[in-house]
Amino acid sequence: MTFRTLEDDITIMLPEDFDLEANLGYLTREKNECMYEIEDGFITKAIAIEKARFLIQISVIANKQMVVRFLDAAQPVEEWHREEIVKYIREWFDLDRDITPFYKIAEADPLLKTPVEKFRGLRVIGIPDLFEALCWGVLGQQINIAFAYTLKKQLVEAFGECMEWKGKKYWIFPSYKQISQRTTSDFSNIKMTLRKSEYVIGIAKLMASGEISKEELMKMSFQDAEKKLTQIRGVGPWTAHYVLMRCLRFGSAFPIDDVGLMNAIKVLRKMDRKPTKNEIMALSASWKNWESYATFYLWRTLY
DNA sequence: CGCCAGGTGGCTG
DNA sequence: CAGCCACATGGC
(Lines give C-alpha, C1' and ligand atoms only; values in the text may rest on other atoms or scores of the structure.)
Protein backbone atom coordinates (compact mmCIF):
# COMPACT_ATOMS: atom_id res chain seq x y z
CA MET A 1 0.00 0.00 0.00
CA THR A 2 1.36 3.41 -0.89
CA PHE A 3 2.31 5.91 1.73
CA ARG A 4 -0.20 8.60 2.57
CA THR A 5 -0.32 11.37 5.08
CA LEU A 6 -2.98 10.24 7.50
CA GLU A 7 -5.22 12.53 9.45
CA ASP A 8 -4.72 13.42 13.08
CA ASP A 9 -5.28 10.96 15.90
CA ILE A 10 -8.75 10.66 17.40
CA THR A 11 -9.28 10.98 21.14
CA ILE A 12 -12.18 9.27 22.86
CA MET A 13 -12.91 10.11 26.49
CA LEU A 14 -13.55 6.98 28.54
CA PRO A 15 -16.32 6.41 31.06
CA GLU A 16 -15.52 6.01 34.74
CA ASP A 17 -15.57 2.20 34.94
CA PHE A 18 -13.04 1.33 32.31
CA ASP A 19 -9.87 -0.57 33.06
CA LEU A 20 -7.41 -1.27 30.25
CA GLU A 21 -5.89 -4.35 31.88
CA ALA A 22 -9.29 -5.90 32.56
CA ASN A 23 -10.31 -5.46 28.93
CA LEU A 24 -6.97 -6.57 27.51
CA GLY A 25 -7.27 -9.65 29.72
CA TYR A 26 -10.34 -10.63 27.75
CA LEU A 27 -8.94 -9.61 24.37
CA THR A 28 -5.75 -11.63 24.85
CA ARG A 29 -7.37 -14.74 26.31
CA GLU A 30 -7.04 -16.70 23.08
CA LYS A 31 -3.87 -16.70 20.99
CA ASN A 32 -5.71 -17.80 17.87
CA GLU A 33 -7.82 -14.64 17.62
CA CYS A 34 -7.44 -13.28 14.09
CA MET A 35 -9.58 -10.11 14.14
CA TYR A 36 -7.07 -7.92 15.98
CA GLU A 37 -3.60 -7.93 17.45
CA ILE A 38 -2.55 -6.90 20.95
CA GLU A 39 1.04 -5.93 21.60
CA ASP A 40 2.51 -3.81 24.40
CA GLY A 41 -0.94 -2.57 25.32
CA PHE A 42 -1.70 -1.44 21.76
CA ILE A 43 -4.71 -2.85 19.95
CA THR A 44 -4.29 -3.01 16.19
CA LYS A 45 -7.23 -3.77 13.94
CA ALA A 46 -8.36 -3.42 10.34
CA ILE A 47 -11.78 -1.82 10.03
CA ALA A 48 -14.04 -1.65 6.99
CA ILE A 49 -16.45 1.27 6.60
CA GLU A 50 -18.45 0.38 3.52
CA LYS A 51 -15.82 0.22 0.77
CA ALA A 52 -13.14 2.04 2.74
CA ARG A 53 -10.39 0.19 4.65
CA PHE A 54 -8.44 1.43 7.63
CA LEU A 55 -5.77 0.04 9.88
CA ILE A 56 -6.02 1.62 13.30
CA GLN A 57 -4.06 1.34 16.50
CA ILE A 58 -5.74 2.01 19.82
CA SER A 59 -3.94 2.97 23.01
CA VAL A 60 -5.31 4.04 26.37
CA ILE A 61 -3.92 6.80 28.59
CA ALA A 62 -4.43 6.39 32.35
CA ASN A 63 -7.81 4.71 31.79
CA LYS A 64 -9.11 8.19 30.97
CA GLN A 65 -8.82 8.46 27.24
CA MET A 66 -8.42 6.30 24.21
CA VAL A 67 -6.21 7.43 21.37
CA VAL A 68 -6.94 6.08 17.90
CA ARG A 69 -4.09 6.37 15.45
CA PHE A 70 -4.35 5.60 11.76
CA LEU A 71 -1.50 3.33 10.72
CA ASP A 72 -2.71 2.95 7.18
CA ALA A 73 -5.68 3.52 4.93
CA ALA A 74 -6.55 2.31 1.47
CA GLN A 75 -8.01 5.74 0.61
CA PRO A 76 -8.07 9.22 2.11
CA VAL A 77 -9.60 9.40 5.59
CA GLU A 78 -12.74 11.48 5.42
CA GLU A 79 -14.57 13.06 8.31
CA TRP A 80 -17.51 10.67 8.13
CA HIS A 81 -15.11 7.71 8.16
CA ARG A 82 -13.67 9.04 11.40
CA GLU A 83 -17.16 9.33 12.87
CA GLU A 84 -18.02 5.77 11.89
CA ILE A 85 -14.78 4.48 13.39
CA VAL A 86 -15.51 6.25 16.66
CA LYS A 87 -19.00 4.75 16.62
CA TYR A 88 -17.51 1.30 16.01
CA ILE A 89 -15.08 1.63 18.90
CA ARG A 90 -17.74 2.98 21.28
CA GLU A 91 -19.86 -0.07 20.47
CA TRP A 92 -16.94 -2.47 20.63
CA PHE A 93 -16.09 -1.43 24.20
CA ASP A 94 -19.64 -0.54 25.24
CA LEU A 95 -18.52 2.96 26.16
CA ASP A 96 -21.99 4.51 26.18
CA ARG A 97 -23.31 2.46 29.09
CA ASP A 98 -23.08 3.50 32.71
CA ILE A 99 -22.25 0.21 34.44
CA THR A 100 -22.33 1.48 38.03
CA PRO A 101 -25.83 -0.02 38.55
CA PHE A 102 -24.37 -3.42 37.67
CA TYR A 103 -21.65 -3.05 40.27
CA LYS A 104 -24.25 -2.09 42.88
CA ILE A 105 -26.11 -5.33 42.18
CA ALA A 106 -22.97 -7.42 41.90
CA GLU A 107 -21.37 -6.25 45.15
CA ALA A 108 -24.41 -7.51 47.04
CA ASP A 109 -24.50 -10.78 45.10
CA PRO A 110 -22.59 -13.77 46.52
CA LEU A 111 -21.96 -15.20 43.06
CA LEU A 112 -20.80 -11.98 41.37
CA LYS A 113 -18.94 -10.37 44.26
CA THR A 114 -15.55 -11.98 43.54
CA PRO A 115 -15.71 -11.72 39.72
CA VAL A 116 -16.48 -7.98 39.81
CA GLU A 117 -13.67 -7.37 42.27
CA LYS A 118 -11.27 -9.23 40.04
CA PHE A 119 -12.35 -7.79 36.68
CA ARG A 120 -13.59 -4.33 37.63
CA GLY A 121 -13.55 -2.04 34.62
CA LEU A 122 -14.18 -4.84 32.13
CA ARG A 123 -16.86 -3.98 29.59
CA VAL A 124 -18.88 -6.52 27.63
CA ILE A 125 -16.64 -6.56 24.58
CA GLY A 126 -18.92 -6.36 21.58
CA ILE A 127 -19.05 -7.59 18.01
CA PRO A 128 -20.53 -4.55 16.27
CA ASP A 129 -20.90 -6.29 12.89
CA LEU A 130 -24.12 -8.34 12.93
CA PHE A 131 -22.97 -10.90 10.37
CA GLU A 132 -19.74 -11.47 12.26
CA ALA A 133 -21.66 -11.81 15.55
CA LEU A 134 -24.11 -14.35 14.10
CA CYS A 135 -21.32 -16.36 12.48
CA TRP A 136 -19.28 -16.32 15.67
CA GLY A 137 -22.29 -17.58 17.58
CA VAL A 138 -22.88 -20.38 15.11
CA LEU A 139 -19.21 -21.36 15.02
CA GLY A 140 -19.09 -21.49 18.81
CA GLN A 141 -22.00 -23.87 19.14
CA GLN A 142 -21.21 -27.07 21.01
CA ILE A 143 -17.42 -26.96 20.60
CA ASN A 144 -14.61 -25.71 22.81
CA ILE A 145 -13.56 -22.09 22.47
CA ALA A 146 -10.07 -22.80 21.15
CA PHE A 147 -11.53 -24.83 18.30
CA ALA A 148 -14.11 -22.10 17.60
CA TYR A 149 -11.23 -19.65 17.12
CA THR A 150 -9.56 -22.09 14.74
CA LEU A 151 -12.74 -22.32 12.67
CA LYS A 152 -13.12 -18.53 12.60
CA LYS A 153 -9.53 -18.19 11.40
CA GLN A 154 -10.15 -20.71 8.63
CA LEU A 155 -13.33 -18.90 7.58
CA VAL A 156 -11.71 -15.46 7.65
CA GLU A 157 -8.60 -16.56 5.79
CA ALA A 158 -10.69 -18.35 3.17
CA PHE A 159 -13.14 -15.52 2.43
CA GLY A 160 -12.04 -12.34 4.20
CA GLU A 161 -9.80 -9.53 3.03
CA CYS A 162 -6.62 -8.49 4.70
CA MET A 163 -4.47 -5.40 5.01
CA GLU A 164 -0.74 -5.92 5.24
CA TRP A 165 1.37 -3.67 7.34
CA LYS A 166 4.99 -4.17 8.36
CA GLY A 167 4.87 -7.75 7.23
CA LYS A 168 1.76 -8.67 9.22
CA LYS A 169 -1.73 -9.39 8.03
CA TYR A 170 -4.80 -7.75 9.55
CA TRP A 171 -8.04 -9.42 8.56
CA ILE A 172 -11.47 -8.05 7.83
CA PHE A 173 -14.34 -10.45 8.47
CA PRO A 174 -15.97 -11.68 5.24
CA SER A 175 -19.04 -9.70 4.24
CA TYR A 176 -22.49 -11.29 4.03
CA LYS A 177 -22.57 -10.32 0.38
CA GLN A 178 -19.48 -12.38 -0.29
CA ILE A 179 -20.65 -15.42 1.73
CA SER A 180 -24.19 -15.29 0.32
CA GLN A 181 -22.72 -16.22 -3.06
CA ARG A 182 -20.83 -19.26 -1.78
CA THR A 183 -22.04 -22.86 -1.62
CA THR A 184 -21.25 -25.46 1.01
CA SER A 185 -18.66 -27.04 -1.29
CA ASP A 186 -16.64 -23.81 -1.00
CA PHE A 187 -16.42 -24.60 2.72
CA SER A 188 -14.89 -28.04 2.30
CA ASN A 189 -11.51 -26.92 3.66
CA ILE A 190 -13.07 -25.41 6.77
CA LYS A 191 -13.31 -28.07 9.42
CA MET A 192 -16.81 -27.30 10.57
CA THR A 193 -19.92 -29.38 10.14
CA LEU A 194 -21.79 -29.21 6.88
CA ARG A 195 -24.72 -28.02 8.97
CA LYS A 196 -22.76 -25.00 10.19
CA SER A 197 -21.73 -24.11 6.64
CA GLU A 198 -25.39 -24.15 5.68
CA TYR A 199 -26.28 -21.92 8.64
CA VAL A 200 -23.57 -19.38 7.80
CA ILE A 201 -24.55 -19.21 4.12
CA GLY A 202 -28.24 -19.05 5.05
CA ILE A 203 -27.62 -16.14 7.41
CA ALA A 204 -25.59 -14.36 4.72
CA LYS A 205 -28.48 -14.75 2.28
CA LEU A 206 -31.01 -13.41 4.76
CA MET A 207 -28.82 -10.35 5.32
CA ALA A 208 -28.11 -9.87 1.62
CA SER A 209 -31.83 -9.89 0.87
CA GLY A 210 -32.48 -7.40 3.66
CA GLU A 211 -34.68 -9.79 5.63
CA ILE A 212 -32.37 -9.48 8.61
CA SER A 213 -30.57 -6.28 9.50
CA LYS A 214 -28.98 -4.85 12.59
CA GLU A 215 -30.80 -1.59 12.13
CA GLU A 216 -34.19 -3.31 12.18
CA LEU A 217 -33.32 -5.59 15.11
CA MET A 218 -32.07 -2.61 17.14
CA LYS A 219 -35.46 -0.94 16.80
CA MET A 220 -37.33 -3.98 18.09
CA SER A 221 -38.27 -4.90 21.62
CA PHE A 222 -36.10 -7.51 23.27
CA GLN A 223 -38.70 -10.22 22.78
CA ASP A 224 -39.38 -9.38 19.14
CA ALA A 225 -35.67 -9.33 18.35
CA GLU A 226 -35.19 -12.67 20.09
CA LYS A 227 -38.08 -14.16 18.13
CA LYS A 228 -36.81 -12.80 14.83
CA LEU A 229 -33.35 -14.25 15.51
CA THR A 230 -34.53 -17.71 16.56
CA GLN A 231 -36.55 -17.97 13.35
CA ILE A 232 -33.24 -18.13 11.51
CA ARG A 233 -32.12 -21.69 10.78
CA GLY A 234 -29.13 -22.46 12.97
CA VAL A 235 -29.98 -19.80 15.54
CA GLY A 236 -31.46 -21.29 18.68
CA PRO A 237 -32.01 -19.61 22.04
CA TRP A 238 -28.33 -19.70 22.96
CA THR A 239 -27.11 -18.04 19.74
CA ALA A 240 -29.95 -15.51 19.78
CA HIS A 241 -29.07 -14.38 23.29
CA TYR A 242 -25.39 -14.39 22.46
CA VAL A 243 -26.04 -11.97 19.59
CA LEU A 244 -28.49 -9.90 21.65
CA MET A 245 -25.71 -9.55 24.19
CA ARG A 246 -22.61 -8.99 22.07
CA CYS A 247 -24.02 -7.15 19.05
CA LEU A 248 -27.46 -5.71 19.74
CA ARG A 249 -26.44 -4.72 23.26
CA PHE A 250 -29.52 -5.75 25.20
CA GLY A 251 -28.52 -5.76 28.87
CA SER A 252 -31.08 -8.45 29.62
CA ALA A 253 -29.68 -10.91 27.07
CA PHE A 254 -28.99 -14.11 28.94
CA PRO A 255 -27.72 -17.33 27.31
CA ILE A 256 -28.95 -19.36 30.25
CA ASP A 257 -28.30 -22.76 28.60
CA ASP A 258 -24.64 -21.92 28.18
CA VAL A 259 -22.35 -24.68 29.42
CA GLY A 260 -19.65 -22.14 30.30
CA LEU A 261 -22.06 -20.24 32.50
CA MET A 262 -23.05 -23.48 34.19
CA ASN A 263 -19.44 -24.45 34.77
CA ALA A 264 -18.55 -21.01 36.15
CA ILE A 265 -21.39 -21.27 38.67
CA LYS A 266 -20.42 -24.85 39.50
CA VAL A 267 -16.85 -23.76 40.33
CA LEU A 268 -17.76 -20.58 42.21
CA ARG A 269 -20.32 -22.40 44.35
CA LYS A 270 -18.06 -25.44 44.77
CA MET A 271 -20.76 -27.76 43.46
CA ASP A 272 -20.07 -31.35 42.42
CA ARG A 273 -22.43 -31.03 39.43
CA LYS A 274 -23.64 -28.37 37.03
CA PRO A 275 -26.49 -26.18 38.28
CA THR A 276 -29.91 -26.77 36.76
CA LYS A 277 -31.71 -24.12 34.75
CA ASN A 278 -34.07 -23.51 37.67
CA GLU A 279 -31.16 -23.00 40.02
CA ILE A 280 -29.59 -20.48 37.62
CA MET A 281 -32.90 -18.65 37.31
CA ALA A 282 -33.09 -18.40 41.10
CA LEU A 283 -29.47 -17.20 41.38
CA SER A 284 -30.00 -14.58 38.67
CA ALA A 285 -33.29 -13.18 39.98
CA SER A 286 -31.67 -9.90 41.05
CA TRP A 287 -29.71 -9.33 37.84
CA LYS A 288 -32.60 -7.73 35.95
CA ASN A 289 -31.33 -5.90 32.85
CA TRP A 290 -27.75 -6.81 33.74
CA GLU A 291 -27.84 -10.52 32.89
CA SER A 292 -25.46 -9.93 29.97
CA TYR A 293 -22.86 -8.29 32.19
CA ALA A 294 -23.25 -10.96 34.86
CA THR A 295 -22.77 -13.69 32.25
CA PHE A 296 -19.73 -12.02 30.72
CA TYR A 297 -18.04 -11.61 34.09
CA LEU A 298 -18.83 -15.21 35.02
CA TRP A 299 -17.32 -16.41 31.73
CA ARG A 300 -14.16 -14.47 32.56
CA THR A 301 -13.69 -16.57 35.70
CA LEU A 302 -13.21 -19.63 33.47
CA TYR A 303 -10.85 -18.49 30.74
C1' DC B 1 -10.50 -44.65 24.11
C1' DG B 2 -14.35 -41.83 26.06
C1' DC B 3 -16.05 -37.55 27.29
C1' DC B 4 -16.68 -32.80 27.08
C1' DA B 5 -16.52 -28.37 24.59
C1' DG B 6 -19.90 -20.89 24.60
C1' DG B 7 -26.08 -26.07 20.58
C1' DT B 8 -29.29 -27.00 16.96
C1' DG B 9 -32.38 -29.19 13.81
C1' DG B 10 -34.39 -33.29 12.61
C1' DC B 11 -36.44 -37.54 13.61
C1' DT B 12 -39.15 -40.72 16.55
C1' DG B 13 -42.73 -42.60 19.61
C1' DC C 1 -44.02 -32.47 22.98
C1' DA C 2 -40.17 -34.83 25.36
C1' DG C 3 -36.38 -37.63 24.27
C1' DC C 4 -32.75 -39.09 21.28
C1' DC C 5 -29.13 -38.44 17.80
C1' DA C 6 -25.56 -36.73 14.44
C1' DC C 7 -22.38 -33.41 13.80
C1' DA C 8 -16.02 -32.30 12.99
C1' DT C 9 -12.36 -31.54 15.79
C1' DG C 10 -9.16 -31.06 19.75
C1' DG C 11 -7.75 -31.39 24.60
C1' DC C 12 -7.34 -34.12 28.47
Side-chain angles (χ1 to χ4, degrees), chain A residues 25-35 111 115 119 122-127 130 132-158 173 184-206 212 226-250 252-268 271-278 280 283-284 287 291-303:
Chain A
Y26 173 81
L27 291 172
T28 54
R29 75 194 175 128
E30 175 56 51
K31 270 190 76 80
N32 231 353
E33 172 63 66
C34 60
M35 301 311 297
L111 197 55
F119 301 113
L122 171 69
R123 327 286 302 186
V124 170
I125 304 297
I127 306 173
L130 176 64
E132 181 180 342
L134 281 162
C135 288
W136 183 229
V138 167
L139 292 185
Q141 291 168 5
Q142 194 257 336
I143 59 176
N144 64 66
I145 292 175
F147 183 39
Y149 277 99
T150 301
L151 291 181
K152 180 166 77 167
K153 196 163 192 285
Q154 290 175 359
L155 181 74
V156 167
E157 291 184 356
F173 198 81
T184 52
S185 59
D186 297 323
F187 282 62
S188 56
N189 291 331
I190 300 168
K191 301 298 175 193
M192 63 170 133
T193 57
L194 178 65
R195 195 67 68 75
K196 280 187 185 180
S197 312
E198 291 170 2
Y199 296 165
V200 165
I201 294 168
I203 289 164
K205 286 184 169 164
L206 285 172
I212 298 286
E226 181 189 7
K227 194 175 170 190
K228 180 97 185 172
L229 287 169
T230 51
Q231 282 169 351
I232 302 170
R233 183 160 179 268
V235 178
W238 179 86
T239 308
H241 280 257
Y242 190 86
V243 170
L244 288 162
M245 167 182 174
R246 304 243 1 238
C247 181
L248 303 172
R249 291 296 189 184
F250 284 89
S252 49
F254 192 22
I256 195 164
D257 309 308
D258 182 85
V259 68
L261 178 69
M262 291 191 255
N263 282 330
I265 293 171
K266 177 185 165 186
V267 171
L268 286 168
M271 299 167 75
D272 58 4
R273 57 168 178 83
K274 285 178 196 160
T276 64
K277 189 168 172 175
N278 281 338
I280 299 179
L283 289 167
S284 61
W287 302 349
E291 290 90 340
S292 61
Y293 262 82
T295 302
F296 201 70
Y297 273 67
L298 289 170
W299 279 343
R300 278 303 284 133
T301 66
L302 288 180
Y303 355 85

Does the side chain of L155(A) reach to within under 4.5 Å of the side chain of F187(A), using non-hydrogen atoms? yes

Do E291(A) and S284(A) meet the criterion of a side-chain donor-acceptor pair at a distance under 3.5 Å? no

Which heavy atom of P115(A) sits nearest a heavy atom of L298(A), and at what distance? CG-CD2, 4.2 Å

Whole Å only: how far is the CH2 atom of W299(A) from the P atom of dA5(B)? 14 Å

When the distance from CZ of F187(A) to P of dA8(C) is rounded to whole Å, what number comes out? 14 Å

Let me know the distance between CD of E30(A) and C1' of dG10(C), rounded to the nearest Å. 12 Å

Under a 3.5 Å distance rule, please check whether T301(A) uses its side chain to pair with a backbone N or O of Y297(A) as donor and acceptor. no

By the 4.0 Å heavy-atom rule, please label I190(A) as base, sugar-phosphate, or nothing. nothing

C1' atoms of dG11(C) and dT8(B), separation to the nearest Å: 23 Å

Distance from T295(A) atom OG1 to R246(A) atom CZ, nearest 0.5 Å? 12.0 Å

Judged by atom type as modelled, is there a donor-acceptor pair below 3.5 Å linking the side chain of K196(A) to the main-chain atoms of Q141(A)? yes

Rounded to the nearest angstrom, tell me the gap between atom CG in D257(A) and atom C1' in dC4(B). 17 Å

Mark yes or no for whether Y293(A), through its side chain, and V124(A), through its backbone, hold a donor-acceptor pair below 3.5 Å. yes

Whole-Å gap separating P (dG10(C)) and NZ (K153(A)): 14 Å

Nearest whole Å is fine: how far is dA5(B) C1' from Y149(A) OH? 14 Å

Whole angstrom is fine here: how far is it from CG in L261(A) over to C1' in dG7(B)? 14 Å

Base, sugar-phosphate, or nothing: which does R29(A) touch, judged by heavy atoms less than 4.0 Å apart? base

Keeping S188(A) on the side-chain end and T184(A) on the backbone end, is there a donor-acceptor pair under 3.5 Å? no

Under 4.0 Å from any atom of DNA chain B, heavy atoms only: list the residues of residues 191-204 of chain A that qualify, in numerical order. R195(A), Y199(A)

When P237(A) and K274(A) are each assigned the nearest nucleotide of DNA chain B, the 5'-most assignment goes to K274(A)

Work out which heavy atom in H241(A) is nearest to a heavy atom in A253(A); give both atom names and the distance. O-CB, 3.5 Å

By a strict heavy-atom criterion of less than 4.0 Å, which residues belonging to residues 137-145 of chain A are in contact with DNA chain B? G140(A), Q141(A), Q142(A), I143(A), N144(A), I145(A)

Rounded P spacing from dA5(B) to dA2(C) in Å: 24 Å

Stems involving DNA chain C, each a run of at least 3 consecutive Watson-Crick or G-U pairs under 3.5 Å: B:2-5 with C:9-12, B:7-13 with C:1-7

F147(A), nearest nucleotide to its side chain (from dG9(B), dG7(B), dG10(C)): dG10(C)

Is R300(A) reaching over with its side chain to a backbone N or O of G25(A), donor-acceptor style, under 3.5 angstrom? yes

Can you tell me how far P of dT9(C) sits from CG of N32(A), to the nearest Å? 16 Å

Q142(A)/W238(A) under side-chain contact (heavy atoms from CB on, under 4.5 Å): CA gap, chis, key distance, verdict: CA-CA 10 Å; Q142(A) 194 257 336; W238(A) 179 86; over 6 Å; no

Identify whether any heavy atom of T239(A) sits under 4.0 Å from a base atom; if not, whether one sits that close to sugar-phosphate; answer base, sugar-phosphate or nothing. sugar-phosphate

Interatomic spacing from CG in D272(A) to NZ in K266(A) - rounded to 0.5 Å: 7.5 Å

